[in-house]
Amino acid sequence: MKFIISRASSIKARLGAVVGKPEAVVKHVRKGGVKNAHELRRQINYLTVRAEGVLDIRDNGVTPLDADQVRDLIETWAEDFNGKTNYGYTRHMIVSFPEGTYPDAAHEAGLEFADRLFGSGDFGDSWDYLTVFHNDTDNPHVHIVVNNRGVEHGQWLAMGMSSDMNIDVQRAIQVEVAEGYGIELTATTRLERGLRQEVETDTWKVQAGMSVVESTPEVEVTARDRAADVMTLSIARMSDLFDERANAISEKIEEFAIKLIEGEEPMVSRMEHLLDQAHHFDDYGEPGGPEYKSPELMHELRQHIALGGDEETISPDLKARVIQHIDDHQHIAESGGTLSAMADIVDHKVYQSSEDYSPPAVRYDVYMRDTLGEDASDNWSKKSADILQSIEKMEGLAREVEDPNLRVSMDIQIGELKGDVANMRPNDPDLQAFIMEDRRYSTLMDTAEMDTLDYPQAEQWVEIRKEVTDTASSYGLDGEAFVARFGNHHNVTLGTTMEWRSDDISTAAAHFQAQGLPDSQDRAEAVVDELHQLASTKIIAISEELSDVHAHATHPLLKGRGDDTGHSLEDDDGHSL
């Protein structure tokens, strides 16, 4: 039976907002899903061992666990981690209660909240979960780590905005449960609060390294070792060191992210951060609201975020009205902070180049110090700067790698990590491209896999491959390394591909200059852009064709059929798992 928010409770929740009751707080930790036992162990160990203020650990909200039992639970869950998943086998969420809440009441309310969601069966299945109660902040809270695969029916846990267990339903359940323990909360909807839609992204893990086949014939082993022993060991050691550093950095990011969420410090999208800035700088104007403030435009922009939009998807009409509003009010001296933030949202280049424009770095520093305080702001900046320095060391490792496939894996991993840091530095212009995905390099089959196929259609791939590598080589580029960038990955950031393009242009410009050709830089930019577009279009198209051919050739149920009858789990947004 589905949980249904009663009309009475819905009205009560909205009345709570009017009389000033605190909002229900249910937060989903970004990057909270794990893909293997190692990541699960790291996640749960942080919550149960390393974190301060751990008061209670329970299995499915009932059985208190000691350290040995926690280890057993990790191994039991990990045994069933199988199949491909884009967003992980677990979900990590936090249900938090207002400052001053009696700890025992918060604890019990958190346990009942988890049971209503995951143990009651009201949402089509039940799910195993671990609860960890923390009382080390002003807001007592319960961490919940959920095994995403259902116990009774194997139903994959869905918590997106279109699911029955969406965030508004969760917050309404928290209000009802909390009331039974004397905790008064309210739960307005996301649209009413102007908050952004929950966004999930994949967890990080380097998908590169060496595997050993124990049954390899001795003659092959000898030949391989004599031919490439030094290189193999070098690649393996480099991959291990890179992986070790990546895990250390991702752990730092996860721990810091949890602390930010628990402390109610903002980790938001760039557009939401800019809107927060615009509203914040309004406060320096007139008590009744400055002339340059536009509640109507701000509301529309908030709604745009709530529906999953960003700067790239703002409608032309709304963008034009924001630009007109900026032009109409830029003569007001106090408007600089607000209008500058709005100009960044709509990319108003004329205003951005004017003397009235306040640069992002200046606004960011003022805003963070005003909202967090001096100490918290300094800590925020130091933590993220330290992480960026660690990532720079990883980039140094990647530059030493000669194997093109391993280098591409490292580049992609570094881009993901930069994207994670970008969420902690939402107005850092050097990082924003790393939170945007670039699908131009994502194929249905890896290029190395297509190299091994012997279908008639594979001859087309051979021709395309040769065309791309020959063209790249004619510009002074490494053709094999260029092709290696295309593969069955769905986490390539725009920042990563921009760096690939920049490197290619520099190499091609030097090549043309050495040949004595005029306008080497302009020539390099033109041919590199054309090459990237040509390769993306042709490689993606042939990978789709070969993937379809391969599926029908290797799956008995698909032979002779024109449709894909394969089944896969899907996540909240309909992506295959």
Side-chain angles (χ1 to χ4, degrees), residues 86 201-202 204-209 235 238-239 242-243 246 391 394-419 433-453 458 460-511 524-547:
N86 289 332
T201 52
D202 203 358
W204 49 82
K205 179 66 180 172
V206 175
Q207 302 296 331
I235 291 175
M238 187 72 72
S239 179
F242 186 89
D243 195 34
I391 293 176
M394 291 178 62
E395 290 180 305
L397 277 177
R399 282 192 291 270
E400 297 176 20
V401 174
E402 295 184 7
D403 179 83
N405 293 297
L406 180 58
R407 173 63 191 269
V408 166
S409 295
M410 290 179 170
D411 287 345
I412 293 173
Q413 169 74 352
I414 289 169
E416 285 189 280
L417 292 175
K418 286 184 177 180
F434 291 95
I435 62 175
M436 304 176 195
E437 187 180 28
D438 191 345
R439 298 299 299 273
R440 293 175 298 171
Y441 299 82
S442 299
T443 61
L444 290 182
M445 294 186 77
D446 284 322
T447 53
E449 185 179 5
M450 291 193 289
D451 288 340
T452 66
L453 301 179
Q460 300 175 37
W461 160 238
V462 174
E463 294 176 0
I464 292 172
R465 195 185 203 288
K466 186 176 187 305
E467 179 185 3
V468 172
T469 55
D470 287 352
T471 303
S473 298
S474 71
Y475 302 150
L477 308 178
D478 183 335
E480 293 299 322
F482 186 89
V483 171
R485 296 170 181 168
F486 297 85
N488 186 17
H489 36 238
H490 301 282
N491 51 352
V492 184
T493 69
L494 179 61
T496 301
T497 62
M498 287 171 63
E499 290 182 347
W500 286 345
R501 175 182 177 274
S502 178
D503 289 344
D504 290 347
I505 290 174
S506 297
T507 302
H511 175 73
E525 290 181 6
V527 299
V528 165
D529 284 345
E530 184 178 355
L531 173 61
H532 279 246
Q533 180 61 40
L534 168 75
S536 175
T537 302
K538 291 193 173 184
I539 293 177
I540 288 177
I542 191 63
S543 74
E544 292 175 351
E545 182 176 351
L546 287 175
S547 176

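Note that the structure is predicted; figures quoted are calculated from it, not measured. Numbers for residues simply follow the sequence, beginning at 1.
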Measure the spacing between OH of Tyr441 and OG1 of Thr493 and express it to the nearest 0.5 Å.
11.0 Å
Say you draw a straight line from CD1 of Ile391 to CD of Gln413; how long is it, rounded to the nearest 0.5 Å?
9.0 Å
Would Thr537 and Gln533 count as having a side-chain donor-acceptor pair, cut-off 3.5 Å?
yes
Nearest heavy-atom pair of [X] and [Y]: which atoms, and what distance?
X	Y	value
Asn405	Ala484	OD1-CB, 3.6 Å
Phe482	Leu531	CZ-CG, 3.7 Å
Ala509	Ala524	N-CB, 3.5 Å
Leu453	Met445	CD1-CE, 3.8 Å
Met498	Ala433	SD-CB, 3.7 Å
Arg439	Ile540	O-CD1, 3.8 Å

As a quick check of understanding, evaluate side-chain contact (heavy atoms from CB on, under 4.5 Å) for Thr497 and His532, giving each step before the final call.
CA-CA 10 Å; Thr497 62; His532 279 246; over 6 Å; no
Salt bridge flag under 4.0 Å for residues Asp438 and Arg501
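No.
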Go through it in stages, so that I can follow the logic: the residues are Glu463 and Lys466, the test is side-chain contact (heavy atoms from CB on, under 4.5 Å), and I'd like the CA-CA distance, side-chain angles, deciding distance and then a yes or no.
CA-CA 5 Å; Glu463 294 176 0; Lys466 186 176 187 305; 5.9 Å; no
Taking it one step at a time, do Ile414 and Thr496 satisfy side-chain contact (heavy atoms from CB on, under 4.5 Å)?
CA-CA 8 Å; Ile414 289 169; Thr496 301; over 6 Å; no
If we check side-chain contact (heavy atoms from CB on, under 4.5 Å) with Ser543, which of these qualifies: Glu449, Lys538, Met450?
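Result for side-chain contact (heavy atoms from CB on, under 4.5 Å) with Ser543: Met450.
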Which residue is it: Leu477, Asp478, Val528? I am looking for the one with a side-chain contact (heavy atoms from CB on, under 4.5 Å) to Thr507.
Leu477
With sequence neighbours excluded, what pairs up with Trp461 under the ring pair (Phe, Tyr, Trp, His ring centres under 6.0 Å) test?
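Once residues adjacent in sequence are excluded, Trp461 has no partner under the ring pair (Phe, Tyr, Trp, His ring centres under 6.0 Å) criterion.
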Arg440 backbone acceptor or donor facing Ser536 side chain under 3.5 Å:
yes
Are side-chain heavy atoms of Phe434 and Glu499 found at a separation under 4.5 Å?
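Answer yes - side chains close enough.
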